[in-house]
Amino acid sequence: MVVLGAGPAGLVLGNILVDRGIDCVVLERAERTHVQTRARAGFLAANTVRILERHGLADGLHRRGQLHSTCEFRTEDGRFRLDYGGLGQGEPHTVYPQQDLVTDLLTRFLDRGGQIRFGSEAVAVRAADSERPEVAVREADGRPALWRARYVAGCDGRHGAARRSLPAGTVRHHRDHGVTWLGLLAEAPPSLDAVGYAVHERGFAGHMARTSEVTRYYLQCERGTPADAWSEERIWDELELRMRARTYGPLHRGRLVQRSVVDLESDVLEPLRHGALFLVGDAAGLISPSAAKGANLAVLEAEVLGRALIDDLVVGDSKGLDAYSARCLTHIWRAQEFSHWMIGLLHGPSGADGESLFHNSLRRSRLTSLRTSRSQQDWFAEHYVGV
Ligand code: RFL
């Protein structure tokens, strides 16, 4: 088995396979330190935690992760909180930085005897109609190599080789939501004990705890804004303005240690299987970070594929592999639908024309429903924490 990419998808899959004695190599383009320090996600759904527990991969998150179950909306109509951990299915998030999870998964994979080659970049995958699939690789020293395996898992993200190697006729559903966020990581403790969503006429601002010393913030900006366009002071001033710090209290400021520009985009590829090649995680579909679903879907899909591969390779039952694409697409589309709904909840056009006014009034009405309707709150909680 060849797995492309050592992100959450590739490493969960690799762990599930080596744990059952299936020969598996992970090819990773980047160096180990890069993989272990890349800060991205942080909110793990309850089902993600259960999957990781089932495969003996949850020790670190239980030791160092924090349960999180409240979000706060700040809008032109005031603020309200939802204790979503007590609504819907009654499940909290576990906040655990993605780079810590990846480090745990990597350590466990190597302990279990898994093989990983850092600095090995997959260049092309020939698996769609081949009996003996091949992965062409550029090794760390620049030399070409060829890996052959029964199956290939494309867990190499949105810019990986798996996506580039798909046969003509693969369908790509795509949406550019027309919204851009500046993603920020601050060396500062969280400023509120909740996920903060600020809806403001100047644009969205978000606050998400990562650890007791690190907080992620998002600031909606114009499309095309370079990551370094704003000074730190301007960013903090703008965050405080949109989060209405004068009314609700100042933010804990700190050094901004990471900035990235995120154009909110979603896509889903269909099908997720092409002969012996399976797409998993961001390689299968990209989901905007508005509802924090990407890493959770990656873990879920890795488990679905891992179990199906075990059935096929150990017991000779290929039904799970045949059903992989349809099964995952059902989960992916539910997450996409909620994520899309969140984008509509948190952003509105800035103009004063009739269409913008109409859209913003709908958004306010949606927030009012969320504030006042118990059934709407249960629906929100179930989809917010669920994958
Ligand atoms: P990854 O994590 O991108 O890993 C892919 C790996 O493949 C390697 N690679 C290759 N290796 C070999 N050959 C090639 N040709 C290769 N090309 C690439 C890469 O180096 C990398 O190591 O994909 P994976 O495993 O599918 O995991 C997906 C998640 O990382 C992603 O969905 C999340 O980070 C999304 N996301 C969030 N998801 C959540 O569930 N909760 C969150 O709170 C959350 N916050 C976020 C996020 C994504 C963000 N970014 C990227 C915009 C916050 C941010 C800012």
Side-chain angles (χ1 to χ4, degrees), residues 39-45 61 64-87 92-100 179-221 225 227-262 264 288-292 295 342-343 345-347 367 370-371 380-381 384-385:
R40 296 172 92 184
F43 274 67
L44 301 179
L61 70 89
R64 297 189 299 278
Q66 290 174 25
L67 293 181
H68 208 297
S69 58
T70 308
C71 57
E72 179 172 308
F73 293 87
R74 297 182 177 182
T75 78
E76 59 267 68
D77 299 318
R79 73 170 164 177
F80 66 93
R81 286 190 155 215
L82 285 185
D83 289 320
Y84 60 84
L87 295 161
H93 280 115
T94 300
V95 180
Y96 193 55
Q98 180 168 325
Q99 66 273 29
D100 294 355
V179 172
T180 298
W181 287 358
L182 194 53
L184 305 155
L185 212 55
E187 266 180 356
S191 299
L192 52 159
D193 58 352
V195 181
Y197 295 114
V199 183
H200 194 279
E201 60 185 11
R202 292 171 68 92
F204 166 76
H207 161 285
M208 280 127 221
R210 282 294 184 260
T211 67
S212 54
E213 290 106 37
V214 175
T215 308
R216 186 173 273 295
Y217 286 94
Y218 291 112
L219 200 54
Q220 187 182 353
C221 58
T225 305
D228 57 0
W230 295 21
S231 69
E232 292 213 0
E233 197 183 357
R234 183 174 168 207
I235 287 174
W236 283 112
D237 289 348
E238 192 66 29
L239 283 169
E240 290 207 321
L241 182 73
R242 295 188 196 180
M243 297 202 68
R244 299 169 173 86
R246 273 204 192 163
T247 312
Y248 303 124
L251 303 178
H252 295 304
R253 296 189 176 205
R255 201 161 65 90
L256 298 175
V257 289
Q258 189 209 66
R259 298 177 184 210
S260 54
V261 175
V262 188
L264 267 55
S288 85
S290 57
M342 280 289 278
I343 292 171
L345 186 79
L346 301 175
H347 307 87
L367 280 158
L370 193 56
R371 179 166 52 79
F380 173 84
Y384 189 54
V385 190

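These numbers were taken from a predicted model, which means no experiment stands behind them. Numbers here are sequence positions counted from 1.
- The closest side-chain heavy-atom distance from L251 to W236 is below 4.5 Å.
- Counting non-hydrogen atoms of other residues, nucleotides and ligands closer than 6.0 Å to CZ of R202 gives a total of 12 or fewer.
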I'd like to know whether V262 forms a side chain to side chain contact (heavy atoms under 4.5 Å, CB included) with T180, so could you lay out the CA-CA distance, the side-chain angles of the two residues, the decisive distance to 0.1 Å, and finally the verdict. CA-CA 6 Å; V262 188; T180 298; over 6 Å; no
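- Taking CG of L370 as the reference point, atom CG of L345 lies at 6.0 Å (rounded to 0.5 Å).
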Give the intermediate values and the outcome of side chain to side chain contact (heavy atoms under 4.5 Å, CB included) for residues Y217 and I235.
CA-CA 10 Å; Y217 286 94; I235 287 174; over 6 Å; no
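- Between P92 and Y84, the shortest heavy-atom distance links the atoms CA-CE1, 4.5 Å.
- Atom CH2 of W230 is separated from atom SG of C221 by 6.5 Å, given to the nearest 0.5 angstrom.
- The two residues A41 and A295 make their nearest non-hydrogen contact at CB-CB, 3.9 Å.
- H200 places none of its side-chain heavy atoms less than 4.5 Å from the side chain of Q220.
- In this structure, H93 contributes its side chain and V95 its backbone to no donor-acceptor pair below 3.5 Å.
- Between the side chains of S191 and Y248, no donor-acceptor pair of N or O atoms lies under 3.5 Å.
- Of the possible polar contacts, none joining the R234 side chain to the E232 backbone as a donor-acceptor pair under 3.5 Å is found.
- In this structure, F204 and W181 have parallel ring planes: the angle between them is below the 30° cut-off, well short of the 60° mark.
- Smallest separation of non-hydrogen atoms from R253 and D237: NH2-OD1, 2.8 Å.
- The side-chain heavy atoms of L67 and T94, taken from C-beta on, include a pair separated by under 4.5 Å.
- Put simply, the side chain of R246 never gets that close to the backbone of E240: no donor and acceptor are under 3.5 Å apart.
- Distance check: M208 CE to L184 CG gives 11.5 Å after rounding to the nearest 0.5 Å.
- Scanning all heavy atoms of the two residues, the minimum distance from Y197 to S290 falls at OH-O, 4.4 Å.
- Put simply, the side chain of E238 never gets that close to the backbone of L219: no donor and acceptor are under 3.5 Å apart.
- Atom CG in L346 sits 12.0 Å away from atom OH in Y218 (nearest 0.5 Å).
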request  = May I have the step-by-step check of side chain to side chain contact (heavy atoms under 4.5 Å, CB included) for F73 and R371, ending in yes or no?
outcome  = CA-CA 9 Å; F73 293 87; R371 179 166 52 79; over 6 Å; no
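- Proximity of a side-chain donor or acceptor of R259 to a complementary backbone N or O of A227 within less than 3.5 Å is detected.
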- For the pair E201 and E76, evaluate side chain to side chain contact (heavy atoms under 4.5 Å, CB included) and give the outcome as yes or no after the intermediate values. CA-CA 8 Å; E201 60 185 11; E76 59 267 68; over 6 Å; no
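- For the atom pair CZ (R79) and CG (L192), the distance works out to 8.5 Å, reported to the nearest 0.5 Å.
- Between H252 and T215 there is no side-chain heavy-atom pair separated by less than 4.5 Å.
- Side chain of R74 to main chain of M243: a donor-acceptor pair is present (N/O by atom type, distance under 3.5 Å, no hydrogens or angles).
- Among all heavy-atom pairs drawn from D193 and H68, the shortest one is O-CE1, 4.2 Å.
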(message) Does D100 form a salt bridge (Lys or Arg N to Asp or Glu O under 4.0 Å) with R210? I'd like the steps, not just the answer.
(response) CA-CA 11 Å; D100 294 355; R210 282 294 184 260; over 6 Å; no
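- Residues L367 and V199 approach most closely at CD1-CG2, 4.4 Å, considering heavy atoms.
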